[in-house]
Amino acid sequence: MEIDVEEYYNRYAPMVMRRCRSILKDEDLAYDAMQEVFMKLVEKKSRLKGDYPSSLLYTMATNHCLNVLKKRNREVNISVEIFDNIQGSAKENTEENLINAEMLDIIFKNEKPSTRDIAVMYYVDKMTYEEVSHVSGLSVSGVRKRLRNLQGKVTGIKEEFL
Amino acid sequence: MRKIPDIVLEQYVLGELSSEKMREMKSLIDSDVSLRNRIKLIEKSNNNFLNKYPFSKTCIPSIISAGRKKRSDSRFRKMFIVPSAALALAACTLIFIKVSPFFDSIDNSVIIKGNAENLFLYRKNGNQADMLKNGDAAKKNDILQIAYQIPQERNCIIFSIDGNSNVTLHYSSSKSTIQEGGKNGKIFVPESYQLDDAPYFERFFMITSDKKIYDDDILSRAEKFALDRDKAVSESFPVGSSFSQQSVLIVKVK
């Protein structure tokens, strides 16, 4: 379906910008990221589904911003937040946080990028399975399965390393 | 009560929830002042955003128009993309060889005033240096010297993309000692370069900003940008409006 990019921008860019800002915590980086998301939209516009564009753009923004953080080695905070929530216990010191961030690299190494996005939505954004399903486009059971597998991985890694 | 995630409120404002979820949310919002305040903040933020960052001020319209131009004008494809391109790509190797600078042979008589930003390319020609302009031809083993002019306190990164989709960093103000400009404000990067056998073109970019430039981020964008040679030859480099850019395209000939 061919889309009007300007119309999409006016309707969805504020949401994309807020999402980028919430992850990157930097106005300039967020602005660049928001533009990147729309550039990707321009590239993909002939292949877009029109049902819930906000879901797609929100996921694209999340994915892009996590990649930006990863490239800048600043993923520690958000990683730790995921890890702590998967484990169910908050970590207190930086050294432990860094270990957790490294653990996350191991956990997500062979996972699809969308699994990381789902983990952020569920563990950081505190979305329900249904809400993650609505935004990610996966079925509720698919989301549940991915998160269950992730939890299993974390348990295995904890037993091996911690 | 659990905090309603931002995306759910965003989709409520956009009307992109299922009808059942919309009803559920409406009921929650009607009974919860904090949710109503969050909705108001989203609506206010929407207005502020579009005033501050209107579509016309982003680089997206230029990307769209470049895409349209690309569809209607395939001259670069005709010029550069030949059936044997894949073989050529596989056969080509190195990008540049660093060689000694040749500042002394460059004529510095061109004086540039004001806050202009300029990227200059020179080719060593015996004991002289010829300035290369956008679209000029060069060949394998030509020795090039890059120079630039930017206002004081401005940051810059200079890199090039070649016909093999390789990206080469030539200079970064974040990694190099900032040098004094000459009387005309022109600064030469510390090393000259010898062109390798990459085909079709070499396009040099200078990206500048008042803010710190993250080299890795720019180079990562460049690598992505370089994958599409039509874009790499003809389009602006995709960076935000807080950056400025200059480029010089060199056409490679045998």
Side-chain angles (χ1 to χ4, degrees), chain A residues 4-19 21-22 26-43 45 50-59 61-62 67-68 70-74 120-122 124-128 130-132 134-136, chain B residues 2-18 20-21 24 41-68 209-212 214-221 224-225 228 231 238-243:
Chain A
D4 182 330
V5 178
E6 183 169 1
E7 195 180 306
Y8 263 51
Y9 180 90
N10 290 335
R11 184 166 164 77
Y12 299 109
M15 176 201 75
V16 171
M17 182 71 178
R18 284 189 288 272
R19 180 58 170 167
R21 210 184 267 142
S22 76
D26 179 292
E27 185 73 8
D28 288 339
L29 285 179
Y31 181 62
D32 279 354
M34 180 277 297
Q35 290 192 92
E36 285 279 336
V37 168
F38 276 87
M39 281 185 231
K40 284 180 188 165
L41 186 74
V42 171
E43 287 167 15
K45 66 180 183 180
D51 294 349
Y52 291 116
S54 58
S55 295
L56 175 74
L57 286 161
Y58 190 83
T59 307
T62 303
N67 287 338
V68 170
K70 190 166 188 177
K71 277 179 196 156
R72 296 190 172 188
N73 298 319
R74 281 170 45 185
V120 170
M121 289 182 215
Y122 185 78
V124 180
D125 299 332
K126 311 287 185 196
M127 293 162 70
T128 62
E130 288 75 15
E131 287 162 353
V132 175
H134 180 75
V135 172
S136 68
Chain B
R2 134 187 125 93
K3 186 190 173 210
I4 302 295
D6 290 339
I7 180 61
V8 177
L9 290 183
E10 297 274 11
Q11 293 192 315
Y12 175 80
V13 171
L14 290 164
E16 294 193 3
L17 292 169
S18 65
E20 188 188 346
K21 189 81 178 173
E24 183 194 327
L41 280 177
I42 289 175
E43 287 167 346
K44 190 180 171 192
S45 164
N46 285 350
N47 291 331
N48 290 344
F49 173 89
L50 292 172
N51 286 331
K52 191 174 177 188
Y53 304 117
F55 181 72
S56 58
K57 293 272 177 70
T58 68
C59 59
I60 303 163
S62 62
I63 299 286
I64 295 171
S65 65
R68 284 192 190 122
S209 177
D210 286 331
K211 293 175 184 158
K212 181 179 176 180
Y214 294 94
D215 295 350
D216 289 348
D217 197 26
I218 295 291
L219 294 175
S220 158
R221 285 176 194 230
K224 210 159 71 179
F225 185 60
D228 184 331
K231 276 188 184 175
V239 279
S241 57
S242 58
F243 297 89

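We name chains A, B, ... by the order of the sequence lines, and we start the count at 1 in each one.
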Parallel, tilted or perpendicular, judged at 30° and 60°: which one describes the rings of A:Y31 and B:Y53?
parallel

Side-chain donor/acceptor of A:R19 to backbone N/O of B:I7, under 3.5 Å
no

Rounded distance [0.5 Å steps], OG1 in B:T58 versus CZ in A:F38
9.0 Å

Which bit of A:E131 is near chain B, if near means a heavy-atom gap under 4.5 Å: side chain, backbone, both or neither?
side chain

How long is the gap from OG on B:S209 to CG on A:D28, to the nearest 0.5 Å?
7.5 Å

Name the member of A:M121, A:M34, A:E27 that forms the most heavy-atom pairs with chain B at distances under 4.5 Å.
A:E27

Test log, rule side chain to side chain contact (heavy atoms under 4.5 Å, CB included), inputs A:D32 and B:R221
CA-CA 11 Å; A:D32 279 354; B:R221 285 176 194 230; 3.4 Å; yes

What part of A:T128 gets within 4.5 angstrom of chain B, counting heavy atoms only: side chain, backbone, both, or neither?
both

Against chain B, label A:E130 side chain, backbone, both or neither, depending on which of its atoms sit under 4.5 Å from a heavy atom there.
neither

Separation of B:N46 CG from A:M17 CE (nearest 0.5 Å):
12.5 Å

Proximal component of B:L50, with respect to chain A [non-hydrogen, under 4.5 Å]:
side chain

Nearest heavy-atom contact between A:S55 and B:Q11 is OG-NE2, 2.9 Å

Among the options B:V13, B:I42, B:D6, B:N47, pick out the one with the most heavy-atom pairs lying under 4.5 Å from chain A.
B:I42

Once rounded to the nearest 0.5 Å, what's the spacing between atom CD of B:E16 and atom CZ of A:R11?
5.0 Å

Whatever's closer than 4.5 Å to a heavy atom in chain B on A:A13 counts as both

Supply the atom-to-atom distance A:M15 CE to B:F49 CZ, rounded to the nearest 0.5 angstrom.
10.5 Å

Does any backbone or side-chain atom of B:S241 lie under 4.5 Å from a heavy atom of chain A? Answer side chain, backbone, both or neither.
both

All heavy atoms of A:R18 vs all of B:S45, minimum pair found to be NH1-OG, 2.7 Å

Quick one, B:L17 with A:H134, criterion side chain to side chain contact (heavy atoms under 4.5 Å, CB included). Give me CA distance, side-chain angles, the key distance, then yes/no.
CA-CA 8 Å; B:L17 292 169; A:H134 180 75; 4.2 Å; yes

Using a strict 4.0 Å threshold on nitrogen-to-oxygen distance, state whether A:D26 and B:K211 make a salt bridge.
no

What's the spacing between A:Q35 CD and B:K57 NZ if we round to 0.5 Å?
12.5 Å

